Trainee: 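Pasting a structure below so you can have a look.
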Amino acid sequence: EVQLQASGGGSVLAGGSLRLSCAASGITFEDYALGWFRQAPGKEREAISAISAVGGITHYADSVKGRFTISRDNVNNRVYLQMNNLQPADTAVYYCTAVWIPGGLRRLLQWRDYDFYGRGTQVTVSS
């Protein structure tokens, strides 16, 4: 059974930081590209970042570029999202995702491109 378990969400003040973590099991982790999405109340789900299986190729949405950093740990089967300078507009439920692409990654993938989806973790940023 494939599981993606996100954690690390919480409440912070504007300008603060959080680090999300997603633990994966049931997949050959090093063969999977990984992603992060978010969905705020009343808004569409947004792809915010992705990282390739090999080469450490990363992609970001313009809304988070320069503030968020995605990384992966192939030893511990985890993907991380370091979020700095958080703003109230970043308030959302954040989800991690995985798709079998055992090579590079040319673009920021969309929700439907992924094979597996984790439960979300809430991030709340107050001004």
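Quick note: residue numbers are just sequence positions, from 1. Note that this is a predicted model, so its numbers are computed, not measured.
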Trainee: Run through the side-chain heavy atoms of Ile, Leu, Val, Met, Phe, Trp and Tyr, join any pair under 4.5 Å, and report what else lands in Ile57's cluster.
Mentor: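 Taking Ile, Leu, Val, Met, Phe, Trp and Tyr as members, Ile57 stands alone, with no cluster partners.
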
Trainee: For Arg67, give me all partners under salt bridge (charged side-chain N to carboxylate O under 4.0 Å, His left out), at least two apart in sequence or on another chain.
Mentor: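 Salt bridge (charged side-chain N to carboxylate O under 4.0 Å, His left out) check on Arg67 returns Asp90.
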
Trainee: Measure the spacing between CE of Met83 and OG of Ser49 and express it to the nearest 0.5 Å.
Mentor: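 Output value for this atom pair is 11.5 Å.
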
Trainee: Measure the CG-CH2 distance between Asp31 and Trp100 for me, rounded to the nearest 0.5 Å.
Mentor: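 Here the interatomic distance stands at 6.5 Å.
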
Trainee: Residues in salt bridge (charged side-chain N to carboxylate O under 4.0 Å, His left out) with Glu30, at least two apart?
Mentor: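 So Glu30 forms no salt bridge (charged side-chain N to carboxylate O under 4.0 Å, His left out) with any residue.
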
Trainee: Asn77 and Tyr32: side-chain contact (heavy atoms from CB on, under 4.5 Å), yes or no, with the steps?
Mentor: CA-CA 10 Å; Asn77 290 2; Tyr32 280 73; over 6 Å; no

Trainee: Partners of Phe37 by ring-ring contact (aromatic ring centres under 6.0 Å, His included), sequence neighbours excluded?
Mentor: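 In terms of ring-ring contact (aromatic ring centres under 6.0 Å, His included), with neighbours along the sequence ignored, Phe37 is linked to Trp111, Tyr114.
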
Trainee: Enumerate the disulfide bond (SG atoms under 2.5 Å apart) contacts for residues 57-88, please, sequence neighbours excluded, ordered by first and then second residue.
Mentor: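 Not a single pair qualifies under disulfide bond (SG atoms under 2.5 Å apart).
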
Trainee: Check for a donor-acceptor pair, side chain of Thr121 on one end and backbone N or O of Ser7 on the other, with a separation under 3.5 Å.
Mentor: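 Judged by distance alone, no pair lies under 3.5 Å.
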
Trainee: Quick check against the 3.5 Å criterion: does Ser126 have a side-chain atom that pairs as donor or acceptor with the backbone of Leu13?
Mentor: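 Absent.
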
Trainee: Whether the side chain of Tyr60 engages the backbone of Leu108 through a donor-acceptor N/O pair (distance < 3.5 Å, no angle test) should be reported.
Mentor: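 Not a single qualifying donor-acceptor pair exists.
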
Trainee: Within a radius of less than 6.0 Å around CD of Gln110, do more than 12 heavy atoms belonging to other residues, nucleotides or ligands occur?
Mentor: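 Yes, CD of Gln110 has more than 12 neighbouring heavy atoms, counting only those of other groups under 6.0 Å.
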
Trainee: Just verifying a value: how many Å separate Gln5 CD and Ser25 OG, rounded to the nearest 0.5 Å?
Mentor: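 One finds 9.0 Å between CD of Gln5 and OG of Ser25.
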
Trainee: What is the distance from atom CD1 of Ile101 to atom CG of Leu34, rounded to the nearest 0.5 Å?
Mentor: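 One gets 10.0 Å once the value is rounded to the nearest 0.5 Å.
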
Trainee: For Arg107, which residues count as a salt bridge (charged side-chain N to carboxylate O under 4.0 Å, His left out) partner, sequence neighbours excluded?
Mentor: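 Arg107 satisfies salt bridge (charged side-chain N to carboxylate O under 4.0 Å, His left out) with Asp113 once adjacent residues are dropped.
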
Trainee: Between Thr91 (side chain) and Val125 (backbone), is there a donor-acceptor pair under 3.5 Å?
Mentor: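 Judged by distance alone, yes, a pair lies under 3.5 Å.
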
Trainee: Do the side chain of His59 and the main chain of Ile51 share a donor and acceptor less than 3.5 angstrom apart?
Mentor: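 No, His59 side chain to Ile51 backbone: no donor-acceptor pair under 3.5 Å.
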
Trainee: Is NZ or CZ of Arg72 both nearer than 6.0 Å to the six-membered ring centre of Tyr80 and within 45° of the ring axis?
Mentor: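 No.
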
Trainee: For the pair Asp73 (side chain) and Val75 (backbone), establish whether a donor and an acceptor sit closer than 3.5 Å, ignoring hydrogens and angles.
Mentor: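 Checked: pair present.
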
Trainee: Applying the side-chain contact (heavy atoms from CB on, under 4.5 Å) criterion to Asp115, which one of Val99, Thr97, Ile27, Val2 satisfies it?
Mentor: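 Testing each of Val99, Thr97, Ile27, Val2 against Asp115, the sole residue satisfying side-chain contact (heavy atoms from CB on, under 4.5 Å) is Val99.
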
Trainee: With rounding to the nearest 0.5 angstrom, report the CD to CZ distance, Gln3 to Arg119.
Mentor: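 It comes to 8.5 Å.
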
Trainee: Compare all side-chain heavy atoms of Ile70 with those of Val79 and state whether any distance is below 4.5 angstrom.
Mentor: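 Ile70 reaches Val79 side chain to side chain.
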
Trainee: Find the distance between OG (Ser71) and CD (Gln82) and round it off to the nearest 0.5 Å.
Mentor: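 The CD atom of Gln82 is 8.0 Å from OG of Ser71, to the nearest 0.5 Å.
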
Trainee: Walk me through whether Ser63 and Glu46 qualify under side chain to side chain donor-acceptor pair (under 3.5 Å).
Mentor: CA-CA 10 Å; Ser63 58; Glu46 179 186 13; 2.7 Å; yes

Trainee: Quick one: closest heavy-atom pair of Leu18 and Val123, and the distance?
Mentor: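 Answer, listing the atom of Leu18 first, then Val123: CD1-CG1, 3.9 Å.
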
Trainee: Between Val12 and Trp36, is there shared hydrophobic-cluster membership here, with clusters defined by ILVMFWY side-chain heavy atoms closer than 4.5 Å?
Mentor: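 As far as the 4.5 Å side-chain criterion goes, Trp36 and Val12 are connected within one cluster.
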
Trainee: Looking at every non-hydrogen atom in both residues, tell me the closest pair between Tyr95 and Gln39 and how far apart they are.
Mentor: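 It is CE1-CB, 4.4 Å.
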
Trainee: Evaluate Phe68 against Leu81 for side-chain contact (heavy atoms from CB on, under 4.5 Å), listing each step before the verdict.
Mentor: CA-CA 7 Å; Phe68 290 12; Leu81 187 69; 4.1 Å; yes

Trainee: Testing the basics here: between Ala6 and Cys96, what is the closest heavy-atom pair and its distance to 0.1 Å?
Mentor: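 Ala6 and Cys96 have their closest heavy atoms at CB-SG, 4.1 Å.
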
Trainee: Looking at Ile48 and Tyr94, what are the two nearest heavy atoms and their distance?
Mentor: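 Where Ile48 meets Tyr94 most closely, the heavy atoms are CD1-CE2, 3.5 Å.
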
Trainee: Quick one: are Asn76 and Phe29 in side-chain contact, heavy atoms under 4.5 Å?
Mentor: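 Heavy-atom side-chain distance check fails, nothing below 4.5 Å.
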
Trainee: Provide the closest heavy-atom pair for Ala50 versus Leu105 in the form atom of the first, atom of the second, distance.
Mentor: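 Heavy atoms only, the tightest pair is CB-CD2, 3.6 Å.
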
Trainee: Using every non-hydrogen atom in the two residues, find where Ala61 and Ala47 come nearest and quote the distance to one decimal.
Mentor: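 Residues Ala61 and Ala47, closest heavy atoms: CB-O, 3.4 Å.
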
